[in-house]
Visitor: 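Provided herewith is a single structure, encoded as structure tokens, for subsequent inquiry.
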Amino acid sequence: MKIKDLYLQNSLSKSKEKFEPISEGYIGMYVCGPTVYSDVHLGNVRTFTSFDVIYRTLLFLGYKVRYVRNITDVGHLLDDGEDRISRGARLDQLEPMEVVQKYTNSFHKMMDIFNTKKPSIEPRATQHILEQIEMVQQILDNGYGYVVDGSVYFDTLKFQEDKKIYGDLSGRKIEDLFSETRDDLKKQDQKRHPSDFAIWMKADPEHLMKWNSPWSEGFPGWHLECSVMSTKYLGETFDIHGGGNDLKFPHHENEIAQNVGACNCKPCNYWLHTNMLLMNGKKMSKSDGNTISPDELFTGDSPHVSKGYSPMAVKFFMLQSHYSSTLDLTDDALAASEKGYKRLMESLKTLEGLNHKSSGNDLDNEVNSSLDEFIAHMCDDFNTPRAIASLFEVVTKINSFKEGHLDLSQISAETFNRLKEDYPKYIDDVLGLKNENDGGNNDALNGIMELVLDLRQEARANKDWGTADKIRDGLAKSKIVVKDGKDGSNWQFS
RNA sequence: GGUCGCGUGGCCGAGCGGUUAGGCAGAGGUCUGCAAAACCUUGUACACCAGUUCGAAUCUGGUCGCGACCUCCA
């Protein structure tokens with residue numbers, strides 16, 4: 001299809017801009033992935049789900065997209081200076097790489113559960129140590145780094161003096177960045193300025209993960225991997241860089257400094273930041289315990305929810321807010337979204353059963369404009385809540401056709417075919433929502449249900465209400481809801 | 001403390017200068033053996049106070065409240 005105009009809210013310029021790819025028809029997108037030292041939590045899921053919908057939208061629009069999302073498996077330090085992965089390894093008595101593998105696997109599994117597409121490339125920091133060493137050298141060669149006792153620091157003052165861009169993304173002024181914390185374990189005292197940051201760190205003897213470098217046996221700074229891997233796989237300047245907005249500072253700010261410091265060019269044209277998932281009005285965060293794991297949410301095994309919510313219901317809940325807004329997770333909101341999600345999915349099944357009759361076109365405009373608006377809203381900075389609102393206009397139409405409140409002869413064959421073809425695509429391909437309440441893939445169950453509903457229909461025809469209700473109530477106990485319509489009955493899981 | 005953002009009807013959540021967001025819940029109705037589902041109708045909403053404007057939830061200033069970042073976090 002023809003690529004439509006796309007507008008993005010660029011965090012760097014803080015304004016909505018028309019998207020212009022570097023190469024016509026192609027997009028390079030880099031998203032900061034997880035640090036795999038424990039199970040993913042819902043906040044991660046929201047971010048990666050948001051970027052999944054962005055990725056899907058770009059693909060739908062016809063772009064060839066190279067989507068790179070890294071796995072951070074080294075260099076991400078805790079307050080006390082211990083590497084997150086090493087800490088995980090020590091606690092679980094595993095090799096660091098076992099920790100990495102274990103949580104990478106569970107991360108992938110969760111991403112599958114949320115029906116997200118896999119990135120084109122998923123590079124790991126430890127697989128790019130050589131490239132990181134090279135970039136440290138480039139930064140040194142360009143005069144933006146200095147070595148202290150085997151560690152290499154980025155010289156933010158010098159960088160700012162030359163380039164005058166440090167702080168542009170995060171809105172920070174370098175002179176305000178005086179860190180009052182002691183932080184001696186992070187070797188603050190070696191820095192010339194508090195805003196300087198390590199790009200290579202000399203490892204303590206007991207450190208588990210370390211590599212040889214021209215400066216010391218050590219490991220790369222956390223921010224470096226993204227600069228290096230985005231450059232390697234997408235080029236020195238690519239189209240879109242994304243991540244959670246808690247990464248804006250210092251991570252993304254430093255990434256920009258490193259890229260510019262190394263190659264004198266900006267890493268990307270558009271920065272996209274997703275907002276935080278809240279619970280009880282506070283940021284959901286692993287480190288302060290205000291959190292619910294995806295599994296707890298699915299099973300309902302948490303004081304924060306009254307019952308379990310399915311992955312797709314949770315995903316739908318997330319998509320009902322804009323990626324750049326905070327989203328407050330509450331039991332009531334989840335319950336409301338769950339119903340809306342089911343109604344949307346049911347419309348898909350209903351549409352399948354619809355057959356076009358003779359042609360009129362009274363309703364063509366309404367149907368087509370709802371479908372058009374879906375895409376228009378997605379192209380307006382991926383406005384999923386508005387796009388979904390357009391979808392619900394279509395839901396009402398579909399249900400009305402089925403119930404006979406509207407007549408299918410009021411739309412042309414052309415519009416009807418578009419509806420049949422595009423509407424499911426918008427839900428499946430673009431939003432990545434799948435129907436998990438559908439017994440449709442289970443032939444045996446479908447056969448049984450057909451028989452059961454048939455028997456009930458006979459009972460009803462004989463006005464044998466006792467039998468009819470017995471069947472209905474019995475099925476209800478198995479979480480199957482029977483719905484009587486004009487043209488017979490159908491069913492769905494409750 | 002510094003920087004940024006937010007405050008929308010019962011709940012969630014879009015919109016951001018004039019026109020119905022949407023979902024859920026509630027009320028009334030249609031349909032139905034009953035129920036459910038579905039459809040139709042239905043909501044004094046935009047923290048507060050000033051100001052700009054023919055017109056403000058939407059712009060400006062102030063007040064109050066909340067949150068995020070500044071330190072590991074998507």
Side-chain angles (χ1 to χ4, degrees), chain A residues 14 31-35 37 40-51 76-82 84 167 170-173 176-181 183 186 195 222 242-251 273-278 281-288 291 316-317 320-322 324-341 343-344 346-347 350 373 377 383-393 395-406 460 463-465 468-469 472-473 476 481-486 489-492 494:
Chain A
K14 289 155 188 71
V31 172
C32 290
T35 303
Y37 64 101
V40 256
H41 77 127
L42 267 180
N44 293 285
V45 171
R46 154 118 119 144
T47 292
F48 300 131
T49 296
S50 296
F51 282 108
H76 207 154
L77 303 186
L78 292 155
D79 281 347
D80 60 5
E82 188 172 12
R84 279 186 185 280
S170 58
R172 236 148 282 249
K173 291 195 179 66
D176 294 338
L177 290 170
F178 284 98
S179 153
E180 67 299 318
T181 49
D183 245 350
K186 287 174 84 174
S195 61
W222 170 41
N245 82 183
D246 52 354
L247 294 183
K248 248 190 208 173
F249 189 87
H251 184 60
H273 285 97
T274 58
N275 216 135
M276 297 296 102
L277 183 63
L278 310 181
K282 290 267 163 59
K283 177 179 168 181
M284 191 180 281
S285 165
K286 268 196 270 206
S287 43
D288 65 13
T291 186
F316 182 76
F317 164 72
Q320 275 191 302
S321 77
H322 190 88
S324 64
S325 300
T326 54
L327 172 61
D328 198 357
L329 186 98
T330 63
D331 197 42
D332 286 348
L334 245 12
S337 287
E338 182 184 50
K339 291 200 176 184
Y341 160 71
R343 189 157 155 246
L344 187 67
E346 202 52 26
S347 73
T350 303
E373 278 167 20
H377 289 137
N383 195 329
T384 52
R386 293 204 74 178
I388 287 171
S390 301
L391 250 26
F392 274 105
E393 288 172 12
V395 171
T396 300
K397 288 280 185 302
I398 290 172
N399 286 332
S400 294
F401 285 135
K402 182 201 168 209
E403 292 296 318
H405 298 121
L406 290 175
R460 292 177 75 203
K463 297 198 191 305
D464 178 3
W465 309 128
D469 291 352
R472 185 172 67 195
D473 297 344
V481 185
V482 176
K483 302 195 295 186
D484 296 333
K486 276 230 158 33
S489 306
N490 55 36
W491 63 278
Q492 73 177 102
S494 64

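Note that the coordinates shown come from a computational prediction; the quantities given were computed from them, not determined experimentally. Because only heavy atoms are used, hydrogens play no part in the values below, and waters and symmetry mates are left out as well, while side chains stay in. Chain letters run A, B, ... following the sequence lines, proteins first, then strands; residues in each count from 1.
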Visitor: Taking A:Asp328 for the side chain and A:Gly281 for the main chain, is one N or O donor matched with an acceptor at less than 3.5 Å?
Guide: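 Flag set: sc A:Asp328 to bb A:Gly281 pair under 3.5 Å.
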Visitor: Using the P atom on both, measure B:A37 against B:A27 and round to a whole Å.
Guide: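 Result for the P pair: 13 Å, nearest Å.
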Visitor: Supply the atom-to-atom distance A:Leu247 CG to A:Ser170 OG, rounded to the nearest 0.5 angstrom.
Guide: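 Here the interatomic distance stands at 12.0 Å.
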Visitor: Distance between the C1' atoms of B:U58 and B:U52, in whole angstroms?
Guide: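 After rounding to an integer number of Å, I get 14 Å for this pair.
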Visitor: Sticking with atom C1', work out how far B:C11 lies from B:A25, rounded to a whole angstrom.
Guide: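 It comes out at 7 Å once rounded to the nearest Å.
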Visitor: Roughly how far apart, to the nearest Å, are B:C46 and B:G10 at atom P?
Guide: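 B:C46 and B:G10 have their P atoms separated by 10 Å.
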Visitor: Going by purine N1 to pyrimidine N3 plus the second Watson-Crick contact, or the G-U wobble pair, all under 3.5 Å, which nucleotide sits opposite B:U42?
Guide: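 Because both required distances fall under 3.5 Å, B:U42 counts as paired with B:G26.
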Visitor: Give a yes or no answer on whether the side chain of A:Thr49 reaches the backbone of A:Val45 with a donor-acceptor pair at less than 3.5 Å.
Guide: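 A pair under 3.5 Å: yes.
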Visitor: Between atom CG in A:Leu278 and atom P in B:A74, what is the gap in whole Å?
Guide: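 One finds 16 Å between P of B:A74 and CG of A:Leu278, rounded.
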Visitor: OP1 or OP2 of B:G22 sitting under 4.0 Å from any side-chain N/O of A:Ser390?
Guide: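 Answer is no, no contact under 4.0 Å.
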Visitor: Rounding to an integer number of angstrom, what distance separates B:C16 and B:G7 when you compare their C1' atoms?
Guide: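 Approximately 14 Å lies between the C1' atom of B:C16 and that of B:G7.
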Visitor: Using the side-chain heavy atoms of A:Asn383, tell me which of these nucleotides is nearest: B:A14, B:G22, B:A74.
Guide: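 Minimum distance to the A:Asn383 side chain belongs to B:A14.
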Visitor: Could you give the distance separating B:U8 and B:C66 at their P atoms, to the nearest angstrom?
Guide: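 Result for the P pair: 14 Å, nearest Å.
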Visitor: Please produce a list of atom pairs where a protein N or O lies less than 3.5 Å from an N or O of nucleotides 2-12 of chain B.
Guide:
residue: B:U3; atom: O2'; partner: A:Gly171; partner atom: O; Å: 3.3

Visitor: Using Watson-Crick or G-U wobble geometry with both distances under 3.5 Å, which nucleotide pairs with B:G18?
Guide: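 Check on B:G18: paired to B:C54, both distances under 3.5 Å.
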Visitor: Classify the nucleic acid contact of A:Gly281 as base, sugar-phosphate or nothing, counting any heavy atom under 4.0 Å across all strands shown.
Guide: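 Answer is sugar-phosphate: A:Gly281 comes under 4.0 Å of backbone atoms only.
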Visitor: Distance check needed: B:A25 C1' versus A:Asp331 CG, whole Å only.
Guide: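 After rounding, the gap between these two atoms is 14 Å.
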Visitor: For the P atoms, the ones on B:U71 and on B:G55, what distance do you get once it is rounded to whole angstrom?
Guide: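 Approximately 47 Å lies between the P atom of B:U71 and that of B:G55.
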Visitor: On a heavy-atom basis, which atom in A:Arg460 and which in A:Ser489 lie closest, and how many Å separate them?
Guide: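 Scanning both residues completely, I find the closest heavy atoms to be NH1-OG, 3.8 Å.
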Visitor: Using atom CD of A:Glu338 as one end and atom C1' of B:A25 as the other, report the distance to the nearest whole Å.
Guide: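 To the nearest whole Å, that distance equals 14 Å.
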Visitor: Calculate the interatomic distance between A:Met276 atom CE and B:C66 atom C1'; express it in whole Å.
Guide: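 Distance check: A:Met276 CE to B:C66 C1' gives 17 Å.
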Visitor: If you measure from the P atom in B:U41 to the same atom in B:G23, how many Å do you get, rounded?
Guide: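 These two P atoms come out 12 Å apart once rounded.
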Visitor: Going 5' to 3' along nucleotides 30-40 of chain B, which nucleotides have protein heavy atoms under 4.0 Å from the base (write B), which only from the sugar-phosphate (write S), and which from neither (write -)?
Guide: -S-BBBBSSSS
Visitor: Identify the two heavy atoms, one from A:Met276 and one from A:Asp246, that lie closest to each other, and give their separation to 0.1 Å.
Guide: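 Result for this residue pair: CE-OD1, 3.6 Å.
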Visitor: Between B:C69 atom C1' and A:His273 atom NE2, what is the distance in whole Å?
Guide: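 Interatomic distance, NE2 of A:His273 to C1' of B:C69: 11 Å.
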Visitor: Would you mind pulling out the nucleotide paired to B:U3, Watson-Crick or G-U wobble, both distances under 3.5 Å?
Guide: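 B:U3 is paired with B:A68.
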Visitor: Look at the rings of A:Phe392 and A:Phe316 and say which category their plane angle falls in: under 30° parallel, 30 to 60° tilted, over 60° perpendicular.
Guide: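 Plane angle over 60°, so perpendicular.
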Visitor: Is it the case that B:A74 (base atoms only) and A:His41 (side chain only) share a donor and an acceptor within less than 3.5 Å, ignoring hydrogens and angles?
Guide: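 Such a pair exists between side chain and base.
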Visitor: I'd like to know if A:Arg386 and A:Glu373 make a salt bridge, using a cut-off of under 4.0 Å between side-chain N and carboxylate O.
Guide: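 The answer is no: the pair does not qualify as a salt bridge.
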Visitor: Which atom pair, heavy atoms only, marks the closest approach of A:Asn399 to A:Arg343?
Guide: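 Result for this residue pair: ND2-NE, 4.4 Å.
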Visitor: Quick one: A:Ile388 CD1 to B:G15 P, roughly how many Å, whole number?
Guide: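 These atoms are roughly 13 Å apart.
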Visitor: Search all heavy atoms of A:Thr274 against all heavy atoms of A:Ser50 and return the closest pair with its distance.
Guide: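 That would be CG2-CB, 3.8 Å.
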Visitor: Counting side-chain heavy atoms from CB outward, which of B:A68, B:A14, B:C70 is closest to A:Pro250?
Guide: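 When the side chain of A:Pro250 is considered, B:C70 is the closest of B:A68, B:A14, B:C70.
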Visitor: In whole angstrom, give the distance that lies between atom CZ of A:Phe316 and atom P of B:G13.
Guide: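 Rounded to the whole Å, the gap is 14 Å.
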Visitor: Apply salt bridge (charged side-chain N to carboxylate O under 4.0 Å, His left out) to A:Lys14 and list each qualifying residue two or more places apart in sequence or on a separate chain.
Guide: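 By the salt bridge (charged side-chain N to carboxylate O under 4.0 Å, His left out) rule, A:Lys14 matches no residue at all.
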Visitor: Assign A:Ser50 to base, sugar-phosphate, or nothing according to its heavy-atom contacts below 4.0 angstrom with the strands shown.
Guide: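 No contact.
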Visitor: Paired with B:A36: which nucleotide, if any, by Watson-Crick or G-U wobble criteria at under 3.5 Å for both distances?
Guide: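 Pair assignment: B:A36 / none.
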Visitor: On RNA chain B, nearest-nucleotide positions of A:Gly243 versus A:Glu393: which is more 5'?
Guide: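 The residue whose closest nucleotide sits nearer the 5' end is A:Glu393.
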Visitor: Check A:Asn383 against A:His322 and note the closest heavy-atom contact, atom names and distance.
Guide: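 Heavy atoms of A:Asn383 and A:His322 come nearest at CA-ND1, 3.8 Å.
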Visitor: Taking CG from A:Leu391 and C1' from B:A14, how many angstroms apart are they, rounded to a whole number?
Guide: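 Atom CG in A:Leu391 sits about 15 Å away from atom C1' in B:A14.
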